[in-house]
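Source: prediction; values computed, not measured. Because only heavy atoms are used, hydrogens play no part in the values below, and waters and symmetry mates are left out as well, while side chains stay in.
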Amino acid sequence: MKLSHLILKVEQLDQAVREYRKEGFAIEYGRAKNPINALIYFSEGPYIELLDGSRMPDAVKALMRLLGKGALVDRFERLDSCASGYRELALESYGSNLAKERAVLRKHGIRSCEAPARRVDAHGRDLRFRIASPTALDIPFLMTYFSADPKPKNFVHPNGIEQINRVVYSTNPVRFPLIRELCDDERLELASTGNIEVSFKKRS
């Protein structure tokens, strides 16, 4: 697997979009009407997803738990209650499903749940993918890549940033072997203390 994206929790989505645009990032809403997220894409490597919460109704969360998707709901609820900052990391499969990756989780004694996901983005692209959440919330969640590629080609943001060149993911060191078995992305650095940290590569 490689790094898929980081979830950046913000206080208020529209305000955050304005602020990041002022900082020179090209940012787009996740869909044209009533967006719940915004994206900062790069031509290569992981992207950033801005969220001010899951905005998922309690009734939907309860139904998902009944359907065995409680690990996903646990992540949504943690996102709803956490402070601002980088709060989640997603790993992306090289294949079209997550069977191999979920088998690795089981080998390490970690259960997971999986679900299909879909959104039509602001450009009308029908983005379909699958997502899986380990029951252990100190492990990144997993996803397949989108059915259509939303990333711009040969793009540099107005502030000169080309891509994310390093992600520091902090978790219990007992999780290091599992995460390293799942992910071979050279951008990922594991740490035992601190929060998720991101550094960028600028065009020289």
Side-chain angles (χ1 to χ4, degrees), residues 1-9 37 39-51 54 61 64-65 67-117 128-147 149 151 162-201:
M1 303 190 86
K2 58 184 176 180
L3 298 181
S4 166
H5 67 284
L6 297 114
I7 292 182
L8 176 60
K9 172 73 178 290
N37 64 348
L39 296 310
I40 300 174
Y41 287 122
F42 306 91
S43 294
E44 296 183 13
Y47 61 94
I48 298 170
E49 179 179 12
L50 283 71
L51 290 166
S54 70
K61 291 178 181 177
M64 288 183 66
R65 289 193 184 279
L67 296 174
K69 311 300 182 185
L72 283 167
V73 177
D74 290 341
R75 287 189 188 260
F76 295 145
E77 291 185 336
R78 181 172 68 174
L79 179 65
D80 289 337
S81 62
C82 70
S84 299
Y86 290 103
R87 296 303 172 195
E88 291 279 1
L89 173 65
L91 304 180
E92 179 188 310
S93 173
Y94 291 115
S96 59
N97 62 65
L98 299 170
K100 178 181 176 182
E101 291 80 9
R102 294 185 69 195
V104 172
L105 291 173
R106 289 195 297 272
K107 186 179 78 171
H108 287 264
I110 305 296
R111 293 181 293 109
S112 63
C113 66
E114 182 176 346
R128 302 182 186 221
F129 55 102
R130 297 193 69 82
I131 185 172
S133 175
T135 53
L137 298 183
D138 55 355
I139 300 171
F141 68 96
L142 318 176
M143 64 177 289
T144 60
Y145 196 53
F146 302 117
S147 54
D149 188 358
K151 293 181 178 179
E162 292 182 319
Q163 60 182 278
I164 293 171
N165 65 358
R166 187 174 71 113
V167 174
V168 180
Y169 182 77
S170 298
T171 188
N172 190 323
V174 74
R175 304 298 190 196
F176 288 8
L178 165 58
I179 296 172
R180 289 188 177 119
E181 186 172 351
L182 283 171
C183 181
D184 62 357
D185 197 319
E186 294 180 351
R187 295 179 177 89
L188 178 62
E189 178 181 328
L190 300 177
S192 58
T193 58
N195 299 312
I196 298 175
E197 299 177 9
V198 176
S199 61
F200 300 95
K201 176 184 177 182

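- The distance from the CD1 atom of Ile179 to the CG atom of Leu91 is 7.5 Å, given to the nearest 0.5 Å.
- Using a 4.5 Å heavy-atom cutoff, the side chains of Ser43 and Lys151 are not in contact.
- A search for ring-ring contact (aromatic ring centres under 6.0 Å, His included) contacts involving Phe176 returns nothing, not counting sequence neighbours.
- In this structure, Arg111 places its CZ atom where only 12 or fewer heavy-atom neighbours from other residues, nucleotides or ligands lie under 6.0 Å away.
- Arg75 and Ser133 form a side-chain donor-acceptor contact under 3.5 Å, judged by distance and modelled atom types alone.
- Shown here is Lys100, whose NZ atom has no more than 12 heavy atoms of other residues, nucleotides or ligands within 6.0 Å.
- Taking each heavy atom of Ala132 and Arg102 in turn, the nearest pair found is CB-CD, 4.3 Å.
- What you find for Met143 and Phe129 is that their closest heavy atoms are CE-CD1, 3.7 Å.
- A pairwise comparison of heavy atoms in His108 and Pro177 identifies CE1-C, 4.4 Å as the closest pair.
- Contact check for Ile139 versus Leu178: side-chain heavy atoms found under the 4.5 Å cut-off.
- You'll find the side chain of Ser54 reaches within 4.5 Å of the side chain of Lys61, heavy atoms only.
- Tyr86 has its side chain within reach of Ile48: a pair of non-hydrogen atoms, C-beta onward, lies under 4.5 Å apart.
- No donor-acceptor pair closer than 3.5 Å links the side chain of Arg87 to the backbone N or O of Leu8.
- The closest side-chain heavy-atom distance from Leu137 to Arg78 is below 4.5 Å.
- Aromatic ring pairs are classed by plane angle as parallel below 30°, tilted from 30° to 60° and perpendicular above 60°; the pair Tyr47 and His5 is parallel.
- Rounding to the nearest 0.5 Å gives a distance of 12.5 Å between CG of Leu3 and CZ of Arg166.
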Inset, instruction - Step by step, work out the salt bridge (Lys or Arg N to Asp or Glu O under 4.0 Å) result for Glu186 and Lys2. - result: CA-CA 8 Å; Glu186 294 180 351; Lys2 58 184 176 180; over 6 Å; no
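- Closest approach of Lys9 and Cys82 over heavy atoms only: NZ-O, 2.8 Å.
- For the atom pair CG of Leu6 and CG of Leu50, the computed distance is 11.0 Å after rounding to the nearest 0.5 Å.
- The number of heavy atoms from other shown groups lying within 6.0 Å of CD (Glu44) does not exceed 12.
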Inset, instruction - For the pair Val168 and Val198, evaluate side-chain contact (heavy atoms from CB on, under 4.5 Å) and give the outcome as yes or no after the intermediate values. - result: CA-CA 7 Å; Val168 180; Val198 176; over 6 Å; no
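- In this structure, Glu88 and Leu51 have side chains that are not in contact, with every pair of non-hydrogen atoms separated by 4.5 Å or more.
- Listed by first and then second residue, the side chain to side chain donor-acceptor pair (under 3.5 Å) pairs that reach into residues 168-180 are Asp138-Arg175, sequence neighbours excluded.
- Rounded to the nearest 0.5 Å, atoms CG (Leu142) and CG (Leu182) are 6.0 Å apart.
- Looking only at side-chain heavy atoms (C-beta outward), Asp184 and Met1 stay at 4.5 Å or farther from each other.
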Inset, instruction - Could you go through the salt bridge (Lys or Arg N to Asp or Glu O under 4.0 Å) check for Lys69 and Glu114 one step at a time? - result: CA-CA 7 Å; Lys69 311 300 182 185; Glu114 182 176 346; over 6 Å; no
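- A donor-acceptor pair under 3.5 Å links the side-chain atoms of Thr144 to the main chain of Arg130, judged by distance alone.
- Side-chain N or O atoms of Ser147 include one that pairs as donor or acceptor with a backbone N or O of Arg128 at under 3.5 Å.
- Under the rule for a ring-ring contact (aromatic ring centres under 6.0 Å, His included), Tyr145 has no partner lying at least two apart in sequence or in another chain.
- Contact record, Cys113 with Ala71: SG-CB, 3.7 Å, taken as the closest heavy-atom pair.
- No side-chain heavy atom of Arg106 sits under 4.5 Å from any side-chain heavy atom of Ile110.
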